[in-house]
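The chain is numbered in sequence order, starting from 1. All of these numbers come straight from a predicted model, not from anything done at the bench. These numbers come from the heavy atoms of this one structure, side chains and all, not from hydrogens, waters or symmetry mates.
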Amino acid sequence: MSRVIVKNLPKNITQDRLSKHFSSQGTVTDVKLMKTKEGVFRKFAFVGFQDEEQSHGAVKYFNKTFIDSSKIVVEVALPFGDDGISRPWSKYSEGSSANRQGLAEKKTKRQEKEEDPVEEEVDEEFEEFLDLHSKKRSIWGNDEVTAKKARVADNQVKKKKKKKKKKKKK
C-alpha cells in the first residue's frame with residue numbers, strides 16, 4: 001500500500017505543511033486530514049505516496065519523530081475493513097465501544113425523560129434554604145402578626161377620624 005497513516009498530529013497542522021514535511025522521503029500524491037462531522041480535527045491524517053517503496057521509507061524515517069512538540073506515529077495504512085486493523089476506540093468511530101456507550105447513554109436519558117417523570121426527593125434543609133432566600137420572606141416569626149395588627153390599628157384610626165369629622169359637621 002502506498003498510503004501511510006500519521007497519528008498524534010498537532011492541532012494546528014495544515015495539509016500543505018504536512019505535504020512539505022513528508023515530501024523529503026518521496027513524491028506525496030495526496031494528504032487527507034481527518035475531521036469529525038462537526039469539523040473538529042481528530043489529530044491524524046493519511047498521506048499518499050507515488051509507490052510502496054517511498055511509503056515504507058517514510059514510515060522508517062518519520063515514525064516516532066516530532067512535528068512541533070507532538071511525537072508522531074507513522075504506520076502503513078491498511079485497506080478499510082482489513083482484519084489487521086485494530087478495533088476502533090474513538091468516541092467518533094462507529095463500532096467502537098465508546099461510541100456505542102455514548103449512544104446508549106443518550107438513548108437511555110431520552111427514554112427516561114419521555115417515560116417516567118422524575119420524582120425528586122424532598123430535601124428539608126434545601127426547602128428551608130429556599131424559603132429563607134425567597135423574595136417574600138419574613139425576617140421575624142411574628143412579622144405577619146404585627147403587620148395584621150398594624151393594619152387593624154390603621155383601620156381603627158381611620159374610623160375614629162371619620163367619626164370626628166361627622167361630629168364636627170353636625
Side-chain angles (χ1 to χ4, degrees), residues 1-140:
M1 193 78 184
S2 63
R3 289 176 66 86
V4 295
I5 183 169
V6 186
K7 302 175 186 177
N8 198 33
L9 289 167
K11 64 181 178 182
N12 60 352
I13 194 85
T14 63
Q15 286 183 341
D16 293 335
R17 186 167 167 220
L18 198 59
S19 179
K20 287 177 187 174
H21 186 76
F22 278 87
S23 64
S24 67
Q25 292 302 306
T27 306
V28 175
T29 57
D30 63 295
V31 175
K32 173 81 174 169
L33 298 175
M34 301 308 289
K35 298 181 179 182
T36 64
K37 291 177 184 176
E38 292 83 27
V40 178
F41 179 51
R42 292 184 58 197
K43 296 188 178 183
F44 76 94
F46 291 100
V47 179
F49 287 93
Q50 203 165 25
D51 59 29
E52 285 187 38
E53 217 174 271
Q54 292 176 352
S55 66
H56 287 291
V59 169
K60 287 180 185 174
Y61 187 80
F62 289 114
N63 191 28
K64 297 182 182 177
T65 60
F66 288 85
I67 294 180
D68 296 340
S69 61
S70 299
K71 186 175 184 178
I72 61 171
V73 177
V74 182
E75 300 171 346
V76 174
L78 299 173
F80 186 74
D82 191 342
D83 291 336
I85 299 174
S86 60
R87 72 173 190 80
W89 55 267
S90 172
K91 69 178 182 179
Y92 302 110
S93 300
E94 291 181 22
S96 70
S97 57
N99 182 274
R100 282 188 298 235
Q101 184 179 8
L103 292 175
E105 286 177 5
K106 286 181 184 177
K107 286 180 184 176
T108 56
K109 286 180 182 177
R110 283 187 203 143
Q111 289 171 352
E112 286 175 0
K113 287 180 181 176
E114 292 171 1
E115 291 176 2
D116 298 327
V118 179
E119 292 185 26
E120 297 178 12
E121 292 181 23
V122 177
D123 186 0
E124 292 178 20
E125 291 178 357
F126 183 65
E127 291 295 326
E128 181 182 353
F129 173 82
L130 289 177
D131 288 341
L132 290 173
H133 290 86
S134 65
K135 290 182 182 177
K136 295 181 180 179
R137 64 174 181 180
S138 59
I139 297 174
W140 302 100

Under the rule for salt bridge (Lys or Arg N to Asp or Glu O under 4.0 Å), what residues qualify as partners of E75, not counting sequence neighbours? K7

Counting C-beta onward and ignoring hydrogens, is there a side-chain heavy-atom pair between N63 and V73 closer than 4.5 Å? yes

With a 4.5 Å heavy-atom cut-off, do V28 and F49 have their side chains touching? yes

Students often mix this up, so state it plainly: with edges at 30° and 60°, are the rings of F46 and F44 parallel, tilted or perpendicular? perpendicular

Counting C-beta onward and ignoring hydrogens, is there a side-chain heavy-atom pair between Q15 and L18 closer than 4.5 Å? no

Tell me, do L9 and F41 make a side-chain contact under 4.5 Å, heavy atoms counted? yes

Is there a side-chain contact between F22 and V74, using heavy atoms and a 4.5 Å cut-off? yes

Spatial distance of atom OG1 (T36) from atom CZ (R42) [nearest 0.5 Å]: 8.0 Å

Side-chain (Q54) to main-chain (T27) donor-acceptor, under 3.5 angstrom: yes

Can you name the closest pair of heavy atoms from V4 and S55 and give their distance? CG1-O, 3.7 Å

To the nearest 0.5 Å, tell me how far K32 NZ sits from I5 CD1. 13.0 Å

4.5 Å side-chain heavy-atom contact, V47 and H21: no

For the CD atom on E128, are there more than 12 heavy atoms of other groups (residues, nucleotides or ligands in this structure) within a distance under 6.0 Å? no

For D16, does its backbone N or O pair with a side-chain atom of S19 as donor and acceptor, under 3.5 Å? no

How about R3 and D30: do any of their side-chain heavy atoms sit closer than 4.5 Å? yes

Indicate the atoms forming the closest heavy-atom contact of T65 with Y61, along with that distance. CG2-O, 3.5 Å

